[in-house]
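Quick notes on the structure that follows.
This is a predicted model, so every value here is computed, not measured. Note that these values count all heavy atoms, side chains included, but never hydrogens, waters or copies made by symmetry. One-based numbering, in listed order, for ligands and for the atoms of each. The first residue of the sequence shown is numbered 1, and numbering continues consecutively from there.
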Amino acid sequence: MAILVIGGTGFIGPRAIRRLIERGEEVVCMDINPHSDQLSGMGERLKVVYGDVTSFEDVVKAILETKPDRIINLAYLLPVVGTEDRPHFDTRLNIMGMDNCFEAARVCGVNRVVYASSIAVSGQQSSFGDRETNEDDPMYGTSQYAMHKIFNEFQASKYIENYGMAITGIRPANVTGPDKFRGSVDHVRCITQPARGEPVNFPHKEMMRLPIHVEDIAEAFVRVLLADSSHYPVYNSGGHAISLGDLADMVKEFLPDSQITFDNEGGRELSGNYMVDNSRLRDEFEIEYAPFRQRVLEIINEVRMDSSLPVVTGR
Ligand SMILES: NC(=O)c1ccc[n+]([C@@H]2O[C@H](COP(=O)([O-])OP(=O)(O)OC[C@H]3O[C@@H](n4cnc5c(N)ncnc54)[C@H](O)[C@@H]3O)[C@@H](O)[C@H]2O)c1
């Protein structure tokens, strides 16, 4: 079938596209940055075009030219540490961009749309106490990014209720991989910097994260997208709950000379939601993630090969 991937040249997009191509689908990727080394060599079933999701005309044009059976929207502004939110720009991309996808899909007769929400909607773990959350729990996120994702879920619910569209959101946890630069990156740097032989320091040893490897979230997006519909409007990806201190210890198993330091021992109470029930996604889409320790080793070795360093082996 034909699939339009919007925002497909970033971190998650190329992995999802590769999986779609491998399954025999025809993919058009529309992105404001239509270049990605990772998309080369995928053959004639992939076309990459320039298009801006904030322009309704661009989205409609891409749909009319592609005639997709399915659309997935990954175009977004992920927060970058040390940079300020730009409310007007970000709202156009995150809120209007999402509306453009839903509305253009509706007027062009594409019923099936998948989009990325985020674990950020839930806010701090402390809001829930010491228990797992599921998709029915209240959303306590307060950052601009979280508020935009919460509103995206509301937008989707309107298109589902009012027009009967089959729209599904996935809430990825802390996606990790060797080439992640936007969004949460402490758990990434805890692996990639030691892999390059660089020291790395973090404020809080007990800060909890819920990493999920980028290949695993890409597979989740693809399975949900290829389904005609879903039982629920939104799904938690879940991941592997781990403190930065324990992640550092895992990295040191492979790289004993790693210099990973922390300013203080605590931080758990500052953590975002990390106790997450993802049974809806696992059961309905038969998703199973690779063991996290194996993923950590893969990231280490991808980074080391890129840096012309010898690979390390697991015990
Ligand atoms: N990476 C994570 O840890 C994570 C976690 C939770 C949710 N998500 C969500 O998953 C989705 C994809 O994340 P990612 O990590 O691949 O992000 P990314 O920033 O790597 O990719 C986003 C893509 O959107 C494109 N884009 C930006 N503005 C655009 C515009 N105006 N028109 C068209 N394309 C535009 C970018 O060029 C980029 O290719 C996002 O919605 C993100 O919020 C990601």
Does the pair Arg92 and Asp99 meet the rule for a salt bridge (charged side-chain N to carboxylate O under 4.0 Å, His left out), with working shown?
-> CA-CA 10 Å; Arg92 270 168 53 90; Asp99 180 70; over 6 Å; no

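Taking a 4.0 Å cut-off on heavy atoms, Arg92 fails to register as neighbouring ligand 1. For the pair Ser55 and ligand 1, no heavy-atom separation below 4.0 Å is found. In this structure, Tyr115 has no heavy atom closer than 4.0 Å to ligand 1. Residue Lys180 places a heavy atom less than 4.0 Å from ligand 1. Not a single heavy atom of Gly97 sits under 4.0 Å from any atom of ligand 1. Proximity of Ala173 to ligand 1 is established by a heavy-atom distance of less than 4.0 Å.
Looking at Asp85, its side chain never comes within 3.5 Å of a backbone N or O of Pro87 through a donor-acceptor pair. Looking at Arg223, its side chain does come within 3.5 Å of a backbone N or O of Phe285 through a donor-acceptor pair.
Residues Gln144 and Asn94 have side chains that never bring a donor and an acceptor to within less than 3.5 angstrom of each other. For the residue pair Tyr159/Glu103, the side-chain donor-acceptor check at 3.5 Å is satisfied. For the 3.5 Å distance criterion, the side chains of Asn134 and Tyr232 fail to qualify, holding no donor opposite an acceptor. With 3.5 Å as the limit, one finds no donor-acceptor pair spanning the side chains of Gln155 and Tyr115. At a cut-off of 3.5 Å, with distance as the only test, no side-chain donor of Asn152 or Ser117 sits close to an acceptor on the other residue.
Atom 17 (O) of ligand 1 has Leu78 CD1, 3.1 Å as its closest protein atom, hydrogens excluded (heavy atom only). Protein heavy atom in closest approach to atom 10 (O) of ligand 1: Ala116 CB, 3.3 Å. Here the heavy atom of the protein found nearest to atom 21 (O) of ligand 1 is Gly10 CA, 3.5 Å. Closest protein heavy atom to atom 12 (C) of ligand 1: Leu74 O, 3.4 Å. What sits closest to atom 43 (O) of ligand 1 on the protein, heavy atoms only, is Tyr145 OH, 2.6 Å. Counting protein heavy atoms only, atom 36 (C) of ligand 1 is closest to Asp31 OD1, 3.4 Å. The shortest contact between atom 24 (O) of ligand 1 and any protein heavy atom is with Ala75 CA, 3.3 Å. The closest protein non-hydrogen atom to atom 19 (O) of ligand 1 is Arg182 NE, 2.8 Å.
Annotation: Ile6 places no N or O atom under 3.5 Å from an N or O atom of ligand 1; distance criterion only. Between Ser118 and ligand 1, no pair of N/O atoms sits closer than 3.5 Å. For the pair Val53 and ligand 1, the shortest N or O to N or O distance falls below 3.5 Å. Considering backbone and side-chain N/O atoms, Phe11 comes within less than 3.5 Å of an N/O atom of ligand 1. Note: no N/O pair closer than 3.5 Å links Asn174 and ligand 1 by distance alone. Annotation: Phe221 places no N or O atom under 3.5 Å from an N or O atom of ligand 1; distance criterion only.
Hydrophobic cluster membership of Phe151, counting Ile, Leu, Val, Met, Phe, Trp and Tyr whose side-chain heavy atoms lie under 4.5 Å apart directly or via other members: Ile95, Phe154. Through direct or indirect side-chain contacts shorter than 4.5 Å among Ile, Leu, Val, Met, Phe, Trp and Tyr, Leu210 is connected to Ile119, Met208, Tyr274, Met275, Val276.
Considering Val110, Ile3, Val28 as possible partners of Pro68, the one that fulfils the side-chain contact (heavy atoms from CB on, under 4.5 Å) test is Val110.
Under the 4.5 Å side-chain heavy-atom criterion for ILVMFWY residues, no single connected hydrophobic cluster contains both Met305 and Val312.
Only the side chain of Lys149 comes within 4.0 Å of ligand 1, counting heavy atoms alone; its backbone N, CA, C and O stay farther away. Residue Ser117 touches ligand 1 through its backbone alone, judged by heavy-atom distances below 4.0 Å. Proximity of Asp52 to ligand 1, defined as any heavy-atom pair under 4.0 Å, is shared by backbone and side chain alike. Residue Leu77 does not touch ligand 1, judged by heavy-atom distances below 4.0 Å.
Of the charged side-chain nitrogens involved, at least one lies within less than 4.0 Å of a carboxylate oxygen, so that Arg293 and Glu253 count as a salt-bridged pair. A salt bridge is defined here as a Lys NZ or Arg NE, NH1 or NH2 lying under 4.0 Å from an Asp or Glu carboxylate O, and Asp179 with Arg15 meets this definition.
With ring centers used as reference points, Tyr163 lies 6.0 Å or more from Phe102.
Close contacts between ligand 1 and Gly51 involve ligand atoms 32 (N), 33 (C) [criterion: under 4.0 Å to a heavy atom]. Every atom of ligand 1 is numbered from 1 in the order shown, and the set under 4.0 Å from a heavy atom of Leu93 is 28 (N), 29 (C), 30 (C), 31 (N).
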